[in-house]
Structure formats: C-alpha cells, structure tokens
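Working notes, beginning with the structure itself.
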Amino acid sequence: MGKPRVIYWFRTDLRLHDSPALRAALDLDPTWDVTHLVFEKDTDAYARERDRVVIALAEKAGIQVVSRYGRTLWDSDEVVAKHGGKPTMSITQLQAAGKKVGEIPRPIPAPDYLPDPGDMPIDFEQRKPETEPDINAPLRDDVEDTYSHIAGPQGDFAIATLDELGFSAAPTTPHRGGETNALKQLEGLFSDEKYAATFQKPKTSPAAFQPQSTTLLSPMLHFGALSPRLFYWKAQDLVEKYGKGASTPPESLTGQLLFRDMYFAAYAAIGSPFVQTINNAYCRFIPWHLPSKIGETETGGNAISGEYHVDSPQAEEWFVRWKMGVTGFPFVDAMMRQLRIEGWIHHLGRHMVACFLTRGGCYVHWERGADVFEEWLIDHEPASNAGNWQWMSCTAFYSQYYRCYSPIAFGQKWDKKGEFIRKWVPELKNLDEKFIYEPWKASKAALDEAGVIIEGDGLHEGTEGTYPAPMFDFGQRRSACIAAMKRAYSIGIYGNNDKAKDGTWKRLFEEAGETEMEGFGGSSSGKGQIDQASNQDESGKGGLKHANQGIAVKEGPMDKFAKRLKK
DNA sequence: GTCGTAGTTGAGGTG
DNA sequence: GCACCTCAACTACGA
C-alpha cells in the first residue's frame, strides 16, 4: 500500500460537494490520488443530506471516509442513542444521556505541522459548479466569482474574502471573528476567575453594554474558531480549582455549553422537522398569526417554504414593526436595533423580544422570529435558534406560558435609568428616566423638554425626534395571549397531528372560542394551511419572503442611526 | 393511576 | 440590594 493521501475537507459552503477541489479529491476530475477524506461530522438536516452524497461519491471512488464530531461536547448521535433514540428535551435528559456516553474528551493540541501532500496538479480542466439557486443573491452587491479557479481567485487556496464573495464589508458590527480573537477572548474571560467560576446566566444583564455581561463567544463556537471542548474544560478545571462558591449547570458557563448540546441532540434526533412545527411531534401546534406556507419535500413530507401567510394585516404590521425596532416599546426597540446593527444581543434580550413577538404580545408564529434571527444573528446556529424559539414560545422545551416578560418591568429590573435605551433609541436619549420605558406616559412638558414627539408608526419618515406610540396595549395583549395559549394547550395537538397538517385544527379552535383567529377569514370549511395559501395568493395577500417587503419602509430613524454609526 | 417534585432566566410584593 | 414568597398553574418524570 502506498503513502496515504488525505484530504481534509473544511466545509464552508453549501455547495462544496460540487466544488472543484472536492471533485479532484474524489477522483471525479483527475487526479490527486487521494486515499482518505476527513471531515467534521455535522448533524444538521441539510448537512446530513450533503454528507450522504459526498460519502457515496467517496465510496464509489474507493476513498476511505473519516468523519468525527467536533462542534459539540459529545457526538450528538451517540447522545441520542443513549437516550433511547429520542430527542433530549431538557438539560437533565442531556446530562443523563451524556453521562452514559462518557466523559467529555479533552481537546487535543493543534498539530505542529501537516504532512507534505506531495504533488497536487491544479492545471487540469475544472468543471465550474452550478451557481443556481443562489440564496444569497439578494444580499450581494457584486458578482460572486470564487470558483474561477480551484485554488481560489488568488491562486493560493486562501479562504475567500467578502469582496470576492460579492458582499460589501459589514461596517456596523464591532464583533470580529477568527481563532486568534477567539483565544484572546477566552483568555480574557478566564483571567477573571471569580467572574468565570461564579457565572450565572440568569443573573447577567441583558442591558449591559461596554462591556456586555456575557462572553460573546457564541459566534466563535458557531464558526469553529473556538472548540466547545476547550471552552468546557477551561471552565470545568477552573470550577474545580475555585471550589466553594462556584456556580453549577445549568446556570454556569459549562451549563451554557450543555444547553447547546441539548439542542444539537434534539435536532439530530428529530431531523428536518425540528426547525418547524409541521411534522414535528415534539412541537405544539398553536394557531399563531403569519404561519409558514408549507411545501412538499422530495421525500413526500411537508416542509416550511420560507414564505408565509398574511392571515392578519394587523399581525403583519406588528411583525414588521418588531423587526424594524419601532414597536413603541423602547426596550424592545433597543434590543431589535442592537440585533440589526451588531448582529448580537444578550440571551435574555432574545427571550424578551421572542416572548413579545409570540405568546406574550403579537401572537405571531415563532418561525417568523426564527427567520429574522437567522438573517441577523452572527452566532446563528440552526439547532439553537429553532430550539430557543420553541422554548420561548412555549411550543416545546418549556410550557409556563403565564410567565410573561414585560417590555417595561423586565428592562427596569436591570437598567433603571434606561442607559441601554438611550444608546439604541437616541430619539429618547434626553427623556426623564421616569418615562424612558413608557414614553407615552410622559407629560407634554416632559416630552418637550426632551425634544420627543410621540407620533406615527415609526415605519415612515417623520419629523426629527419622533418616536411611535406603543403599537398596542401590552396588558390587553398579554391577557389575550395567555388565554389563547391556555386554549391551545387544552386542545393539545402537536405538529405531527393530522389535524395540524390538513387544516381541520381550525374547527377545534373555533369550538373552543378562539379569538386570535380573526385573520383566518372566518370560514368554518376546515380548509388547511396549504389550501389557504392558494386562496390567499389569489386575493393578493400572499406571504412575503422578507417582512420589510410587505410595507413600504422609507428611511426611518433606524436607518439614519445606522448611517450615523457608519460615519 | 396518583402524588410529589423539578424545571437555567416573570412580576410584584415583603422583610 | 437581595432573598424569599405568592400569584396561578404548565409539563415531565419517577416513586
């Protein structure tokens, strides 16, 4: 047997199984004489399908595939196997299953050198991969030409730059990636032993900035700049050294990593339905507004399509105002603006805005919120995103829907003076702290003194200093939502129930006196969501891919603010 | 089947 | 400022 020739496949692109380099490795194009293909295991639904294709190609070419997990503490498939093949739906379940898998391996040191791969000609004829469909096309400013050559545009196998990918640089976020930064951040975190050893997530402030109250390491974990096991063992070794007074899971630093593994294992067990309600046996069916349009998958199942039904123009307006940070509730707006500008907000801030959009305010489908987070979060992880949205909307993982975040009281608990609001909602920066969370309660004199005019919906150009009135009475919406959740819980159907899929759920909710369904047209014909799609498309009220395409959004205070930041 | 208890992160009040 | 209680009441799990 000759010298092994190993290709390490670093998967950074959705179409990589069609890339020239991988084709060369798999002997589909001549020829690198590869003997092994090594890559990191990925349990996300899309990745499994992609890897199945690649593994089949490799086997056909007589190439040995080595695939190892690396993005979680334990191999998620092993966790699922030890949990009876079921998804881990609580942290105690994850801990119990993890214990059965065995101790979390310590990270091994980086290699000192990589063996010389030998001769790898790159002058063979290359087949350029398909570029369609290009889901990033709407976000590009320029053409994407990274496939011009097997060795990349510069001929050096370097990772493509944003410019080469056709994107302009992201000027608004202060957060920077890369392993060097990740390790520096990690070192900084553990240099404050008391902070790291006694960390309790629920006691960290969502309103803190400069610096934030949590570690900011989630994007590093997502992009692979930081090993979760390196993080885990740094934290665990410190906790053991620190002794009495150290925090414990689930609130501690290691607890945060365990939650991450819990969501990964749940996704690994449930598969593609995990990121949606339909077909998801573990996700409650709740008749939220703005439900996803459902399409047929190649395998005959139902999958969300990325588009949604506008069952209620009112809910659509609430959703757009939530997304754009102009709800009229300053703490919600501050959070959503920070998210949009910086791509990161504190975990508890995510809770608050998620509760507000779903079960604690707008009664809009959690999948809409998950779409926005997917678009804007720099640490977006499909498993964690879907899992946390299900948690916060009380459709899975969590069920205490009567515990509802107040957009006023919750922020005040952390930031009495409203410094966080003053930073992100500068229209209100001079408002007295008595009114900073509820500007609509301020007297005319107080508003005048602060230069604030309460006016408009925030989506359209207004006079300088305008800030919208709250888009609804929070107390009323809170009560209506809790009552609706109570009805949905008593009906108790899940995403895999036939009634959820064929639309006959509607009769059940009508009989229970559901009042959050006004937007569904008042028909009692039992038409399903899929049928409604065509009906609504004909009436011109079809779903929208992006919320801000629905209502003409002129330059508002948010955009002016973003521009100011760029200067 | 029944009961007790646990579950990362609510709000508002009291001591 | 913080620890604790009550409000009203969810699911899941194990004894």
Side-chain angles (χ1 to χ4, degrees), chain A residues 83-84 86-99 197-208 212-215 218 232 235 239 245-263 266 269 280-286 329 331-332 335 345-361 384 387-417 437-438 474-479 481-495:
Chain A
H83 193 52
K86 291 183 303 195
T88 46
M89 300 305 286
S90 72
I91 204 69
T92 44
Q93 287 177 4
L94 183 275
Q95 284 172 303
K99 205 172 169 185
T198 64
F199 183 91
Q200 287 177 279
K201 185 67 156 280
K203 292 188 180 167
T204 58
S205 168
Q212 286 87 200
S213 61
T214 50
T215 69
S218 50
Y232 178 87
V239 160
S247 54
T248 52
E251 297 179 336
S252 62
L253 282 179
T254 54
Q256 307 314 302
L257 292 165
L258 293 172
F259 272 111
R260 197 169 158 275
D261 262 51
M262 177 187 81
Y263 289 129
N280 186 344
Y282 290 83
C283 183
R284 281 178 185 282
F285 176 83
I286 291 171
F329 293 96
F331 195 61
V332 175
M335 284 291 171
I345 52 176
H346 185 279
H347 191 67
L348 292 181
R350 300 180 195 197
H351 276 207
M352 201 272 302
V353 299
C355 179
F356 185 86
L357 181 70
T358 58
R359 66 180 169 83
S384 302
N388 277 310
W389 273 96
Q390 287 170 44
W391 183 301
M392 278 327 297
S393 61
C394 288
T395 47
F397 297 99
Y398 191 70
S399 51
Q400 290 172 226
Y401 54 75
Y402 48 87
R403 290 193 171 176
C404 187
Y405 289 84
S406 157
I408 296 131
F410 185 68
Q412 284 172 332
K413 187 165 95 184
W414 304 100
D415 178 17
K416 266 270 177 288
K417 293 187 169 143
Y437 284 88
E438 305 168 276
F474 175 72
Q476 275 175 16
R477 287 302 304 165
R478 181 184 180 278
S479 307
C481 286
I482 289 176
M485 290 299 288
K486 191 170 179 168
R487 276 190 293 275
Y489 265 63
S490 70
I491 289 166
I493 58 175
Y494 285 77

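Chain letters run A, B, ... following the sequence lines, proteins first, then strands; residues in each count from 1.
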When rounded to the nearest 0.5 angstrom, what distance separates [atom1] in [X] from [atom2] in [Y]?
X	Y	atom1	atom2	value
A:D261	A:I91	CG	CD1	8.5 Å
A:I493	A:R284	CD1	CZ	10.5 Å
A:F356	A:F410	CZ	CZ	14.0 Å
A:M392	A:R350	CE	CZ	13.0 Å
A:T198	A:E251	OG1	CD	11.5 Å

Nearest-angstrom distance, [atom1] atom, [N] to [M]:
N	M	atom1	result
B:dA6	C:dA9	C1'	15 Å
C:dT6	B:dT5	P	15 Å
B:dG1	C:dA15	C1'	12 Å
C:dC13	B:dT9	C1'	22 Å
C:dC7	B:dG7	P	23 Å

Please list each protein N or O that sits under 3.5 Å from an N or O in nucleotides 13-15 of chain C, with the distance.
| unit_1 | atom_1 | unit_2 | atom_2 | d |
| --- | --- | --- | --- | --- |
| C:dC13 | OP1 | A:Q93 | NE2 | 2.8 |

Side chain to side chain contact (heavy atoms under 4.5 Å, CB included) partners for [X], two or more places apart:
X	result
A:T214	A:F199, A:K201, A:T204, A:W344, A:H346
A:N388	A:Y263, A:H347, A:S384
A:A235	A:F190, A:L253, A:T254
A:R478	A:C404, A:F474, A:I482

Sequence neighbours excluded, which residues qualify as side-chain hydrogen bond (donor to acceptor under 3.5 Å, both in side chains) partners of A:T215?
none
Along DNA chain B, 5' to 3', what are the outermost nucleotides having an atom less than 4.0 Å from a heavy atom of chain A?
B:dG7 to B:dG12
Give me each pair satisfying salt bridge (charged side-chain N to carboxylate O under 4.0 Å, His left out) with a member in residues 87-96 of chain A, each pair once, sequence neighbours excluded.
none
Between A:I491 and A:F285, does the side-chain contact (heavy atoms from CB on, under 4.5 Å) criterion hold? Intermediate values first, please.
CA-CA 9 Å; A:I491 289 166; A:F285 176 83; over 6 Å; no
NA contact type, [X], heavy-atom cut-off 4.0 Å: base, sugar-phosphate, or nothing?
X	answer
A:R284	sugar-phosphate
A:W414	nothing
A:S406	sugar-phosphate
A:F259	base

Once pairs are restricted to Watson-Crick or G-U wobble with both distances under 3.5 Å, how does DNA chain B read as a dot-bracket string, [ ] for crossings and | for other-strand pairs?
.||||||..||||||
I want to check something: taking the side chain as every heavy atom from C-beta on, are A:P206 and A:M352 in contact at a cut-off of under 4.5 Å?
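Sidechains of A:M352 and A:P206: no contact.
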Heavy-atom donor-acceptor pair, A:T88 side chain to A:L94 backbone, under 3.5 Å:
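A pair under 3.5 Å: no.
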Counting only non-hydrogen atoms, which of residues 398-405 of chain A are less than 4.0 Å from DNA chain B?
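Contacting residues: A:Y398, A:S399, A:Q400, A:R403, A:C404, A:Y405.
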In whole angstroms, how far is the P atom of C:dC10 from the CZ atom of A:R487?
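That distance rounds to 15 Å.
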Without decimals, in angstroms, what is the distance between A:M89 CE and C:dC10 P?
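Taking CE of A:M89 and P of C:dC10, I get 19 Å after rounding.
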Of A:Y494 and A:K486, whose nearest nucleotide on DNA chain C comes first from the 5' end?
A:K486
Using a 4.0 Å cut-off on protein heavy atoms (strictly under), produce a 5'-to-3' string for nucleotides 1-6 of chain C with B for base contact, S for backbone-only sugar-phosphate contact, and - for none.
------
Report the C-alpha distance between A:Y282 and A:Q390 in whole Å, list the side-chain angles of each, state the deciding distance to 0.1 Å, and finish with yes or no for side-chain contact (heavy atoms from CB on, under 4.5 Å).
CA-CA 10 Å; A:Y282 290 83; A:Q390 287 170 44; 5.8 Å; no
According to the side-chain hydrogen bond (donor to acceptor under 3.5 Å, both in side chains) rule, which pairs have a member within residues 392-412 of chain A, sequence neighbours left out?
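Counting only pairs at least two positions apart or across chains, the side-chain hydrogen bond (donor to acceptor under 3.5 Å, both in side chains) contacts touching residues 392-412 of chain A are A:H351-A:Y405, A:S393-A:T395.
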Please step through side-chain contact (heavy atoms from CB on, under 4.5 Å) for the pair A:D415 and A:Y437, ending with a clear verdict.
CA-CA 10 Å; A:D415 178 17; A:Y437 284 88; 3.5 Å; yes
